[in-house]
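The chains referred to below are lettered A, B, ... by the order of the sequence lines, with proteins before strands, and numbering in each begins at 1. As a basis for the values below, the full set of heavy atoms in this structure was taken, side chains included, without hydrogen atoms, waters or symmetry mates.
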Amino acid sequence: MAATLLDRYVFTVLRRVPEAQRTDIDRELRASIADAVDARVDGGEPPDAALEATLLELGDPEHLADGYAGRRQYLIGPDLFPIWRAILKMLYTIVLPIVVVVAVAGKLLADPGIGPAIGVGIGTLLTVGVHLAFWTTAVFAIMERTGVGRAELSGGPWTPEKLPRYERQYHNLANLAGALIWPALMAAALVVQQFAITDEPVLDPDNWTFWWPYVLVLLALYGAYAVWTYRRPVWNHTVTAVYAGLSVLLWGPVVWLLADHRFYNPEFLSGLDWGAEDPQRWLTVSGILFALVSAVWGVVDVAIRAERSRRGSPAAIPTIV
Amino acid sequence: MTMDATLSTHLQELRRGTVVVASLVALRTPGYGYSLLETLSTAGFEVEANTLYPLLRRLEAQGLLTSSWNTDEARPRKFYRTTEQGEEIAAALRDEWTRLTVAIADLTAPTTPSE
């Protein structure tokens, strides 16, 4: 069901005000808007135009929300603050993870070993994180002082068409099937490589004492996760947290085994002849890269979808009683 | 900044505080958001809905207004009413207003030449 223009406006205001006030503001704002629309309709305007004009008069929902929340935003003035916040959020959720992954991968290429790689990861996270915040803020502070307005940046003054749409993303069976197939394939590959594909098993058979069964259990949990999210009416940050936990539990040991040279079967590696290249090094590095990218990509993807769904979900916001 | 924009910024700043006084005085008779907006604009106060609605909640949080939901009619509305404390604040603000008016008048009146 598509959210109406009024719902979109109210949700956009509510998602920015403290949770404890939402129910009350929701009811009050809807009543006030309805009063204003009625007044316009009584004056002879058609209802749709009356609503649009009322919302236009109320103005940018983010400003209204700032008014309700009584926020003080002084370094970056209220005009630019929402854009500054949106850009920082984007930098921290997308750019920063990519930079960290690239830095860790580069370190691993030069020097396989999990300890130094973690060090580089944390170092990059802190340095790049601080730089992103500092320079973004500095640029905005300069823009603020030199009088660049929000209207120029966001392409004209606010209008109701700019409201987010909040269509809910329903999970269909195809999505569920896709989410079930990849852990199933991985589990199958893990078992089959022990007996077939190559003369010697690809992965270290010693790990059957603990780590390979552990990975199989984790893959089964991924399947359970897929069913759980399929049956869940609403996605939110709980989903992100669960997925991130699963990712750490699965990919963490994989990366550690790779870095510790306990992932591939030594017999299998010695059977490879790549000329001048060292197969162990290349397989280790590409394996670690694959693990890190899979983990980060997966978590970012789920986080984005959960955030979108949370914002758009009427169920997460108290509606009129 | 053009002359008009400068003027409108200053007018806005000048009017900002008056809305508080006007609301506290007007809400001695209970009213809801939109009705107050109408009352104020009829009385000649230029205030926008997106300023007034958050302001009402802020005054309520400060204890100058109380509110209750009226659900008797088809559309439930939140009615605000000035509290005793709100009355006191409004009186103090009006005294200040009077003092400022006198002060401005004195300032603009032709001064007696002093030797």
Trainee: Can you tell me how far NE2 of A:H63 sits from OG1 of B:T51, rounded to the nearest 0.5 angstrom?
Mentor: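 So the OG1 of B:T51 and the NE2 of A:H63 are separated by 11.0 Å.
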
Trainee: So, do B:R58 and A:Y68 sit near enough that their side-chain heavy atoms are less than 4.5 Å apart?
Mentor: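 B:R58 does not reach A:Y68 side chain to side chain.
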
Trainee: Of all the heavy-atom pairs spanning A:A31 and B:R75, show the shortest one and how long it is.
Mentor: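 Looks like O-CD, 3.9 Å.
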
Trainee: Measuring from A:D66:CG to B:N50:CG, what's the distance to the nearest 0.5 Å?
Mentor: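 Spacing of CG (A:D66) from CG (B:N50) equals 11.5 Å.
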
Trainee: If the condition is side chain to side chain donor-acceptor pair (under 3.5 Å), which residues does A:E52 pass it with, not counting sequence neighbours?
Mentor: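 Applying side chain to side chain donor-acceptor pair (under 3.5 Å) to A:E52 gives none.
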
Trainee: CD of B:E84: more than 12 outside heavy atoms within 6.0 angstrom?
Mentor: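 No.
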
Trainee: In this structure, are over 12 heavy atoms from other groups packed under 6.0 Å from B:W69 atom CH2?
Mentor: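 More than 12 within 6.0 Å, yes.
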
Trainee: With a 4.5 Å cut-off on side-chain heavy atoms, are B:Y34 and A:I33 touching?
Mentor: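 A side-chain contact under 4.5 Å is absent here.
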
Trainee: Quick check: under 4.5 Å, non-hydrogen atoms only, which of residues 34-45 of chain A neighbour chain B?
Mentor: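 Interface residues of residues 34-45 of chain A: A:A34, A:D35, A:A36, A:D38, A:A39.
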
Trainee: Roughly how far apart are A:L29 CG and B:K78 NZ, rounded to 0.5 Å?
Mentor: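 Output value for this atom pair is 12.0 Å.
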
Trainee: Picking from B:R57, B:E38, B:E48, which has the most non-hydrogen pairs under 4.5 angstrom with chain A?
Mentor: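 Sorted descending by pairs with chain A, the first entry is B:R57.
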
Trainee: Using the side chain to side chain contact (heavy atoms under 4.5 Å, CB included) criterion, which residues pair with A:S32? Sequence neighbours excluded.
Mentor: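 Expected list: A:E28, B:Y53.
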
Trainee: Which of residues 93-105 of chain B get closer than 4.5 angstrom to chain A, counting heavy atoms alone?
Mentor: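 Within residues 93-105 of chain B, no residue comes under 4.5 Å from chain A.
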
